[in-house]
Every structure is written in C-alpha cells, then in structure tokens.
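Below is one structure; the comments refer to it alone.
From a predicted model like this one, the values you see are computed outputs, not experimental measurements. Numbers for residues simply follow the sequence, beginning at 1.
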Amino acid sequence: LTGLQNNVRAIIWSQGETDGLHGTSTSTYINEFDTLEKTWKQDFQGFKKIYIFQTKSETVYPLYGLMAIEEAQRQVAVADTNIEIMSTYGLNSDAGGLHFDYTGGYEEFGNRIFSLIARDIYGIATTLEIDAPMITGAYLSDSTTITVTEKADSLWQHAPGGQIQGYQITNAMGATIDSISLKKNKIIFNLSNYPGSAATISNITNFKDSGNWVTNTNNIEVLCFYKYPVADSINLLVTSVSPHYLTDDIKAYPNPFHSN
C-alpha cells in the first residue's frame with residue numbers, strides 16, 4: 001500500500017521475552033528465525049541487513065528461559081554476516097522490568113543502531129567501537145584459569161571497583177569463580193580448582209548487577225552467551241604428546257601452561 005516494499009534496506013528486530021516465558025529452546029528459536037528471515041527475503045528483496053537487539057535478562061520472565069533465547073540470537077548473528085546484534089542489558093528498564101525507559105533505554109536503542117546503519121547502509125566510517133563485543137573463544141589457559149576472548153579492541157569495567165558480576169560456570173567439577181579481571185580483549189576467570197574437560201561458561205549479566213559488567217571502549221556491553229564450551233587446552237596439550245617424550249628434561253619457552 002505504501003509503495004515502499006521494494007525500498008526496505010534494513011530490518012530491526014527486538015523480540016524474545018514470550019519465547020523465554022514459554023520455554024522455547026535455542027535450536028527452535030534459531031530454526032524459526034531462519035524461516036522468518038526467508039520470508040523477509042521474499043517480501044523485501046532489496047534489504048541488506050538485519051539488526052537484532054539481544055533480549056534483556058532483567059524481566060519478569062524466567063532467567064534461564066531468556067538465556068536460551070539470547071544464546072539463539074547470538075548464534076544467529078554469528079552464522080549470518082548480514083545480521084548484526086546489539087546488547088541491551090546495560091540500558092534502563094521501566095518500572096515493570098519488561099520494557100525500557102526512554103532516557104537511557106529506547107533513546108539509546110536508537111543511538112546504538114543508528115551508528116551501525118550509518119556504517120552498513122550509508123557507508124559512514126567511524127573510529128569508535130560501535131559493535132557489541134562478541135565472544136570468540138573460551139579456553140583453559142592453565143589448570144585453574146579460564147580465558148574468554150571477545151571481538152573488541154579493549155574491554156573495560158563499566159563501574160570501576162568491586163567484583164565484575166554476571167558470569168557463571170557449569171559442569172565444572174564443583175569449581176567456582178574466585179575473581180575476574182580484564183586484559184585487552186580478554187576476560188580472565190580465576191577458579192577455585194580445575195573445572196574438568198567439559199565445563200561451560202555463561203554471561204547472564206543484567207541491569208541489577210550494579211553496573212559491574214564489561215563493556216568495550218564505547219560503553220557497549222559484552223553480549224550475553226549461554227553455556228559456551230570451555231576448551232581444555234591443558235588436557236589437549238598433555239595428551240597430544242607421546243608419553244615417551246614426557247621427561248623432566250623437556251623445557252619450553254614461553255611456558256604454555258601460563259600464557260595468556
């Protein structure tokens with residue numbers, strides 16, 4: 001009716017709370033979003049980009065149901081170069097905890113997505129870090145240290161002082177997180193003990209965590225991720241070497257068990 005169907009250049013998507021409430025799985029959300037994307041490509045054949053606002057954890061709905069949706073949204077963006085994703089948990093919720101205030105909320109939605117659209121659709125370059133930091137890996141850098149790498153130039157703590165909050169390890173042989181520190185684009189977790197070879201790590205941060213979350217240099221929060229597998233590089237290194245060569249005479253520099 002408007003005559004704009006063939007002139008749509010981008011689609012902005014912010015949805016997921018009801019899926020979290022009803023227990024939609026990560027795989028189901030991914031499949032259903034794929035179906036939706038295919039219909040968009042049929043209906044709006046000229047569009048170039050999809051922009052997803054990652055669903056916020058701080059709502060009236062079940063936390064882990066929402067995390068399954070947030071992980072699905074993250075995976076969708078990883079798999080498709082035409083999809084960009086933006087974090088939201090540092091933005092101001094309204095009194096009901098389901099939507100956002102305008103100031104510090106929906107206003108910031110617009111500011112953040114404007115920068116991406118200006119770059120992607122209109123070719124306007126910027127030196128600022130306008131993308132939300134995305135996890136690119138997680139591994140044991142020694143027997144009691146997990147290192148998470150993020151797609152970012154550098155990581156900062158939003159509210160300096162106090163312990164960074166919002167991270168959780170599971171399937172980790174009873175290990176707990178003793179402390180968290182930042183080094184360039186890495187988040188370093190010191191653990192109470194060796195977490196085994198099947199540990200996973202999650203970023204379930206929400207606004208109630210008092211601002212002690214991690215951002216890039218442009219104050220955009222690290223994207224949430226859920227049960228991301230931690231590579232046991234220590235066990236892999238040891239088992240990949242023949243026992244015949246495991247002698248006290250072998251020395252290596254730099255020490256692979258203490259590299260960052």
Side-chain angles (χ1 to χ4, degrees), residues 8-21 47 49-67 69-74 76-77 83-122 124-135 150-167 180 182 187 202-226:
V8 173
R9 304 184 69 183
I11 294 172
I12 300 172
W13 181 254
S14 178
Q15 179 276 342
E17 292 87 355
T18 300
D19 287 285
L21 175 64
F47 87 87
K49 282 283 190 178
I50 298 170
Y51 298 94
I52 297 175
F53 285 102
Q54 191 177 44
T55 302
K56 190 175 183 178
S57 302
E58 185 202 352
T59 74
V60 295
Y61 295 149
L63 172 61
Y64 294 106
L66 290 169
M67 287 308 307
I69 304 307
E70 293 175 49
E71 176 61 16
Q73 293 165 341
R74 187 192 69 81
V76 163
I83 297 177
E84 306 293 337
I85 185 169
M86 181 56 64
S87 50
T88 64
Y89 60 77
L91 306 185
N92 292 337
S93 294
D94 64 7
L98 184 58
H99 301 291
F100 295 84
D101 289 332
Y102 173 74
T103 302
Y106 288 122
E107 182 180 29
E108 188 62 16
F109 268 54
N111 292 336
R112 291 183 177 189
I113 221 66
F114 171 82
S115 298
L116 297 181
I117 291 174
R119 178 194 65 191
D120 300 335
I121 306 299
Y122 297 101
I124 300 174
T126 179
T127 59
L128 298 175
E129 287 194 279
I130 60 176
D131 294 290
M134 169 80 77
I135 186 172
E150 296 279 349
K151 188 177 180 180
D153 292 337
S154 187
L155 298 174
W156 294 353
Q157 185 171 335
H158 177 71
Q163 176 74 10
I164 295 170
Q165 297 175 311
Y167 289 89
I180 305 173
L182 305 175
I187 310 174
S202 304
N203 174 15
I204 59 173
T205 306
N206 62 60
F207 191 77
K208 294 178 180 177
D209 287 331
S210 305
N212 287 327
W213 53 71
V214 180
T215 75
N216 64 13
T217 57
N218 198 29
N219 203 33
I220 297 175
E221 312 89 63
V222 168
L223 288 160
C224 287
F225 50 86
Y226 188 48

So Ile117 and Arg9, side-chain contact (heavy atoms from CB on, under 4.5 Å) or not? Walk me through it. CA-CA 10 Å; Ile117 291 174; Arg9 304 184 69 183; over 6 Å; no
Taking the side chain as every heavy atom from C-beta outward, state whether Tyr226 and Leu66 have any atom pair closer than 4.5 Å. no
Kindly write out the residues that satisfy side chain to side chain contact (heavy atoms under 4.5 Å, CB included) with Ala72, not counting sequence neighbours, or none if the list is empty. Thr26, Tyr29, Ile30
Say you draw a straight line from CD of Gln54 to CD1 of Ile69; how long is it, rounded to the nearest 0.5 Å? 11.0 Å
In sequence, state the C-alpha distance, the side-chain angles, and the governing distance for Asp131 and Arg119, and then conclude on side-chain contact (heavy atoms from CB on, under 4.5 Å). CA-CA 11 Å; Asp131 294 290; Arg119 178 194 65 191; 2.7 Å; yes
Hey, are the side chains of Asn203 and Tyr89 touching, using non-hydrogen atoms and a 4.5 Å cut-off? yes
Tyr167: which residues meet the side-chain hydrogen bond (donor to acceptor under 3.5 Å, both in side chains) condition with it, sequence neighbours left out? none
Please list, chain by chain and in numerical order, all residues satisfying ring pair (Phe, Tyr, Trp, His ring centres under 6.0 Å) with Phe100, sequence neighbours excluded. Tyr106, Phe109
Expected output: side-chain Thr55 to main-chain Ser14 donor-acceptor under 3.5 Å: no
Does Val222 reach the side chain of Ser87, with side-chain heavy atoms less than 4.5 Å apart? no
Please list, chain by chain and in numerical order, all residues satisfying salt bridge (Lys or Arg N to Asp or Glu O under 4.0 Å) with Glu150, sequence neighbours excluded. none
How about NZ on Lys49, more than 12 heavy atoms from neighbouring residues, nucleotides or ligands closer than 6.0 Å, or not? yes
N/O donor-acceptor pair under 3.5 Å between Glu221 side chain and Gly90 backbone: yes
With Ser115, which residues qualify under side chain to side chain contact (heavy atoms under 4.5 Å, CB included), at least two apart? Ile130
Sequence neighbours left out, what passes side-chain hydrogen bond (donor to acceptor under 3.5 Å, both in side chains) with Asp120? Give chain and number order. Tyr51
List for me each residue that meets salt bridge (Lys or Arg N to Asp or Glu O under 4.0 Å) alongside Asp19, sequence neighbours excluded, and say none if there are none. none
Pairs where residues 95-110 contributes a residue and the test salt bridge (Lys or Arg N to Asp or Glu O under 4.0 Å) is met, not counting sequence neighbours: Glu108-Arg112
Between Ile204 and Cys224, is any pair of side-chain heavy atoms under 4.5 Å apart? no
Just verifying a value: how many Å separate Thr215 OG1 and Trp156 CH2, rounded to the nearest 0.5 Å? 7.0 Å
Sequence neighbours left out, what passes side chain to side chain contact (heavy atoms under 4.5 Å, CB included) with Gln157? Give chain and number order. Ile164, Leu182, Asn212
Among all residues two or more places apart in sequence or in another chain, which pass the side chain to side chain contact (heavy atoms under 4.5 Å, CB included) test with Glu129? Ala152, Asp153, Asn216, Thr217, Asn218
Step by step, work out the side-chain contact (heavy atoms from CB on, under 4.5 Å) result for Glu71 and Phe225. CA-CA 5 Å; Glu71 176 61 16; Phe225 50 86; 3.7 Å; yes
Can you tell me how far apart CD1 (Ile12) and CD1 (Ile50) are? Round to the nearest 0.5 Å. 11.5 Å
